*Asks:* 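I have a structure here, written as structure tokens, and I will follow up with some questions on it.
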Amino acid sequence: TFKVQSNNKFKAGSGKFSLDVGGTYTQLSEKADYNRLFIDVLPHFEFKYQKYRFDLGVLGNFFLDSMTGNSAMKPYFAPYLKAETYLVPKKLRAYAGITGGLHKNMLRQLVYDNLFIGNNLTYTNPQTVFNVYAGMNGSFKRFVEYGIKMSQEAIRDQYLFINDTNELRNFTTVSDDISRFTFSGEVKFDVNRNLDIGFRGNFYAYSTTAEASAWHMPTYDAALFTTIRLADKVYLDGGYFGTSNRKARDLAGNEFTLPAINDLNVGLEYRYKKNISAFVKANNILNQKYVLWNYYNAQGINVLAGVTFSL
């Protein structure tokens, strides 16, 4: 993979004009050479009007690969419209926008999403036709930070993981055109220098075109985390992560329902200096061997200890 990026800004009246240009070249050689070239062009103009800030433009993605036999690059265009304002100065910010674009589907990203993928893959590049969103974030009394956001997306060729029918039961991908509604919320309490508590959650609603369900995608996920300062340089960390049930299927068309995930963990950290610390962490203390991916269970309770160091 080879990438280049150039971001250029110019003063234009009371605003600022930007021209962002990027290029990505990839070569995949699992079965046969598969070469792909992505070029991204984003001209946009930022300006203020009264108490509102706007950023308006159009994103152009251009794609060429060695499989389709096309000698011309295929263009994709998406809106790039953003606006924000402070409803309460320095306390409460509201924002909204419409964006989109072509997602560069890389093997590295697929492995990051799912460690159990096989070689029988189809490299589709999901295209977000539009993502309409709006939200607010702010703070209260210096020790509370919060945010909410809603979005509606239309995505073409979204890849979904399904089980292969080989003995390993590893994963391949299918693609479908989907729409996704997301409602997100988060809140963090910085009570004092000895206690931090935070929560974030997401609710999802999917609509698929060809597939019966958005495979392996939950309808909600949530996380709760806290840090307690027990003594000088000694901190206790705790966390919870959970998801809803998820639907799964294999290449033969067999469907499965994966149970909800509930994971608790706790850890102890000694921060000797800013760049040196030691820790011990117990994961999955409920000892639930929940299903991460169909046929692939999480470890039961496990303990990890180590030292971190940075220059």
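From a predicted model like this one, the values you see are computed outputs, not experimental measurements.
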*Asks:* Please assess L110 against N105 for the test side-chain contact (heavy atoms from CB on, under 4.5 Å), listing each intermediate value before the final yes or no.
*Replies:* CA-CA 8 Å; L110 292 174; N105 191 3; 3.5 Å; yes
*Asks:* I'd like to know if R271 pairs up with E269 as an ion pair, taking the criterion as any Lys NZ or Arg NE/NH1/NH2 lying under 4.0 Å from an Asp or Glu carboxylate oxygen.
*Replies:* yes
*Asks:* Quick one: ring-ring contact (aromatic ring centres under 6.0 Å, His included) partners of F143, sequence neighbours excluded?
*Replies:* none
*Asks:* Roughly how far apart are M106 CE and N125 CG, rounded to 0.5 Å?
*Replies:* 8.0 Å
*Asks:* Strictly below 4.0 Å, N to O, side chains only: are R249 and E211 in salt-bridge contact?
*Replies:* yes
*Asks:* Cluster partners of V307, using ILVMFWY side-chain heavy atoms under 4.5 angstrom, listed by chain and number?
*Replies:* none
*Asks:* So how far is it from T128 OG1 to H103 NE2, rounded to the nearest 0.5 Å?
*Replies:* 9.0 Å
*Asks:* State plainly whether one hydrophobic cluster holds both Y112 and F116, where clusters connect Ile, Leu, Val, Met, Phe, Trp and Tyr through side-chain heavy atoms under 4.5 angstrom apart.
*Replies:* no
*Asks:* Backbone N or O of L19 within a donor-acceptor pair of the N8 side chain at under 3.5 Å?
*Replies:* yes
*Asks:* Which heavy atom in A78 sits nearest to a heavy atom in G100, and how many Å separate them?
*Replies:* CB-C, 3.5 Å
*Asks:* F161: which residues meet the ring-ring contact (aromatic ring centres under 6.0 Å, His included) condition with it, sequence neighbours left out?
*Replies:* Y159, W293
*Asks:* Give the other cluster members for Y133, using side-chain heavy-atom distances under 4.5 Å between Ile, Leu, Val, Met, Phe, Trp and Tyr residues; answer none if it is isolated.
*Replies:* Y95
*Asks:* For N166 and R169, which heavy atoms make the closest approach, and how far apart are they?
*Replies:* OD1-N, 2.8 Å
*Asks:* Where do F199 and A222 come nearest, in terms of heavy atoms and distance?
*Replies:* CE1-CB, 4.0 Å
*Asks:* Indicate the ring-plane relationship of F47 and F45, choosing parallel, tilted or perpendicular according to the 30° and 60° boundaries.
*Replies:* parallel
*Asks:* Show me, pair by pair, the donor-acceptor contacts under 3.5 angstrom made by side chains of residues 296-305, not counting sequence neighbours?
*Replies:*
residue: Y296; atom: OH; partner: L168; partner atom: O; Å: 3.0
residue: N302; atom: OD1; partner: N283; partner atom: ND2; Å: 3.2
residue: N302; atom: ND2; partner: G300; partner atom: O; Å: 2.9

*Asks:* With no hydrogens and no angle check, do the side chains of K82 and T99 hold a donor and an acceptor under 3.5 Å apart?
*Replies:* no
*Asks:* Would N61 and D40 count as having a side-chain donor-acceptor pair, cut-off 3.5 Å?
*Replies:* yes
*Asks:* List the atom of P126, the atom of I155, and the distance in Å for their closest heavy-atom pair.
*Replies:* CB-CG2, 4.1 Å
*Asks:* Please check if I98 and L42 belong to a single hydrophobic cluster, counting links between Ile, Leu, Val, Met, Phe, Trp and Tyr side chain heavy atoms closer than 4.5 Å.
*Replies:* no
*Asks:* I'd like to know if the side chain of D250 pairs up with that of T165 as donor and acceptor (distance under 3.5 Å, no hydrogens or angles considered).
*Replies:* no
*Asks:* Considering residues at least two apart in sequence or located in another chain, which fulfil the side-chain contact (heavy atoms from CB on, under 4.5 Å) criterion with A96?
*Replies:* A134
*Asks:* Compute whether any side-chain donor of one residue and acceptor of the other, for Q109 and D113, lie under 3.5 angstrom apart.
*Replies:* yes
*Asks:* Counting only N and O atoms by type, is there a donor-acceptor contact under 3.5 Å from the side chain of T219 to the main-chain atoms of S244?
*Replies:* no
*Asks:* Other than F183, what residues sit in its cluster of Ile, Leu, Val, Met, Phe, Trp and Tyr side chains whose heavy atoms are under 4.5 Å apart, directly or through others?
*Replies:* M150, F181, F203, Y220
*Asks:* Can you list the residues that meet the salt bridge (Lys or Arg N to Asp or Glu O under 4.0 Å) rule with D176, with sequence neighbours excluded?
*Replies:* none
*Asks:* To the nearest 0.5 angstrom, please state how far the OG1 atom of T209 sits from the CG atom of D177.
*Replies:* 4.5 Å
*Asks:* Look at atom OH of Y52 and say whether more than 12 heavy atoms of other residues, nucleotides or ligands are closer to it than 6.0 Å.
*Replies:* no
*Asks:* Is a salt bridge present between R93 and E84, judged by a nitrogen-to-oxygen distance below 4.0 Å?
*Replies:* yes
*Asks:* Verify, without hydrogens or angle tests, whether D190 (side chain) and R193 (backbone) share a donor-acceptor contact under 3.5 angstrom.
*Replies:* no
*Asks:* Could you tell me whether a side-chain N or O of R156 sits under 3.5 Å from a main-chain N or O of I178, the two making a donor and an acceptor?
*Replies:* no
*Asks:* On a heavy-atom basis, which atom in D65 and which in R36 lie closest, and how many Å separate them?
*Replies:* CB-CG, 3.9 Å
*Asks:* Partners of Y80 by ring-ring contact (aromatic ring centres under 6.0 Å, His included), sequence neighbours excluded?
*Replies:* H44
*Asks:* Do L264 and L224 sit in one hydrophobic cluster, given that two such residues count as connected whenever their side-chain heavy atoms are within less than 4.5 Å of each other, even indirectly?
*Replies:* yes
*Asks:* Decide whether a cation-pi geometry holds between K104 and F38; the criteria are a distance under 6.0 Å from NZ or CZ to the six-membered ring centre and an angle within 45° of the ring axis.
*Replies:* yes
*Asks:* I'd like to check the ring-ring contact (aromatic ring centres under 6.0 Å, His included) partners of F189; sequence neighbours left out, ordered by chain and number.
*Replies:* none
*Asks:* Quick one: closest heavy-atom pair of I117 and N114, and the distance?
*Replies:* CG2-O, 3.4 Å
*Asks:* If the threshold is 4.0 Å, N to carboxylate O, is there a salt bridge linking R180 and E153?
*Replies:* yes
*Asks:* Quick one: salt bridge (Lys or Arg N to Asp or Glu O under 4.0 Å) partners of K149, sequence neighbours excluded?
*Replies:* none
*Asks:* Could you give me the CA-CA distance, side-chain angles and deciding distance for M136 and I148, then say whether side-chain contact (heavy atoms from CB on, under 4.5 Å) is met?
*Replies:* CA-CA 6 Å; M136 294 187 297; I148 59 172; 3.9 Å; yes
*Asks:* When you look at N275 and S310, which way does the side-chain hydrogen bond (donor to acceptor under 3.5 Å, both in side chains) test go after all the steps?
*Replies:* CA-CA 5 Å; N275 62 334; S310 63; 5.1 Å; no
*Asks:* For F256, look at atom CZ and say whether over 12 heavy atoms of other residues, nucleotides or ligands are found less than 6.0 Å away.
*Replies:* yes
*Asks:* Can I get a per-line list of side-chain donor-acceptor pairs under 3.5 Å for residues 227-241, giving both atom names and the distance, sequence neighbours left out?
*Replies:*
residue: T227; atom: OG1; partner: D237; partner atom: OD1; Å: 3.0
residue: R229; atom: NH1; partner: N194; partner atom: OD1; Å: 3.1
residue: K233; atom: NZ; partner: Y272; partner atom: O; Å: 3.3
residue: Y240; atom: OH; partner: N262; partner atom: OD1; Å: 2.6

